[in-house]
Amino acid sequence: MCDELHIDQTDEELATITSLLASSQLIVNDSIEYSAYPDIADSPLYARAIITLAQALYYDRNLTNGQPKGVLLMLDHLDAICLAKGAG
């Protein structure tokens, strides 16, 4: 993520990014049925949703305008994948 954002990889920045990624993962997991479908973590969309949310949090820790629309779209798709697995 540091490379994507062209962020210097200082100890302070790495600690911030690590914390934001962990928080983002918790939010994503809570937004989909992760506990019922942990294999969703294999989806590239899962990782992208976490990274995108962490990027948003990096620049706006309060998410003043809420979650980015792109993250909401990815969560909808991930949720649909989980629902399809449950129906199968």
Side-chain angles (χ1 to χ4, degrees):
M1 189 171 135
C2 289
D3 289 339
E4 281 186 36
L5 297 177
H6 305 286
I7 297 170
D8 293 334
Q9 295 186 27
T10 63
D11 290 342
E12 182 180 83
E13 289 291 350
L14 289 174
T16 298
I17 295 298
T18 300
S19 174
L20 293 175
L21 284 168
S23 297
S24 296
Q25 184 174 14
L26 290 172
I27 292 168
V28 169
N29 288 354
D30 214 31
S31 299
I32 60 175
E33 294 186 48
Y34 181 81
S35 60
Y37 305 102
D39 61 330
I40 195 74
D42 296 332
S43 170
L45 189 57
Y46 175 79
R48 178 49 48 196
I50 292 167
I51 291 167
T52 303
L53 181 55
Q55 288 173 344
L57 286 167
Y58 182 82
Y59 291 110
D60 179 8
R61 303 283 159 72
N62 295 319
L63 292 179
T64 305
N65 296 314
Q67 290 186 28
K69 291 180 183 180
V71 171
L72 296 174
L73 179 66
M74 287 183 254
L75 292 176
D76 285 345
H77 281 279
L78 289 167
D79 198 38
I81 292 168
C82 290
L83 289 172
K85 289 180 183 230

- Item | By side-chain hydrogen bond (donor to acceptor under 3.5 Å, both in side chains) - contacts of R48 (at least two apart) | E4
- Message: Within the 4.5 Å heavy-atom criterion, are M1 and I7 side-chain neighbours or not?
- Response: no
- Item | Hydrophobic cluster membership, Y34 vs L45, 4.5 Å side-chain cutoff | yes
- Item | Distance-only side-chain donor-acceptor flag, Y46 / N29, under 3.5 Å | yes
- Task: State, to 0.1 Å, how close Y58 and L20 come at their nearest heavy-atom pair, and which atoms those are.
- Result: CA-CD1, 3.5 Å
- Query: With a 4.5 Å heavy-atom cut-off, do L57 and L53 have their side chains touching?
  - Reply: yes
- Treating Ile, Leu, Val, Met, Phe, Trp and Tyr as nodes and any side-chain heavy-atom pair under 4.5 angstrom as an edge, say whether M74 and L63 lie in one connected cluster. yes
- Message: Please check: side-chain N/O of S19 versus main-chain N/O of A15, any donor-acceptor pairing under 3.5 Å?
- Response: no
- Query: Would a hydrophobic clustering, with Ile, Leu, Val, Met, Phe, Trp and Tyr connected at side-chain separations under 4.5 Å, put I32 with L26?
  - Reply: no
- In this structure, OG of S31 is separated from CD of Q67 (nearest 0.5 Å) by 5.5 Å
- Kindly give the heavy-atom pair with the smallest separation between I50 and L21, and that separation in Å. CG2-O, 3.8 Å
- Query: Which value, rounded to the nearest 0.5 Å, describes the distance between S35 atom OG and I40 atom CD1?
  - Reply: 12.5 Å
- Message: For a quick test of reading the model, state the closest non-hydrogen atom pair linking A56 to P68 and the distance between them.
- Response: CB-CG, 3.5 Å
- Message: Please report the interatomic distance CG(D79) to OH(Y37), rounded to the nearest 0.5 Å.
- Response: 10.0 Å
- Query: Considering all heavy atoms of both residues, which atom of L14 and which atom of T18 are nearest to each other, and what is their separation?
  - Reply: O-OG1, 2.7 Å
- Query: So which pairs with a foot in residues 6-34 pass salt bridge (Lys or Arg N to Asp or Glu O under 4.0 Å), sequence neighbours left out?
  - Reply: none
- Taking side chain as C-beta onward, heavy atoms only, is V71 less than 4.5 Å from Q55? no
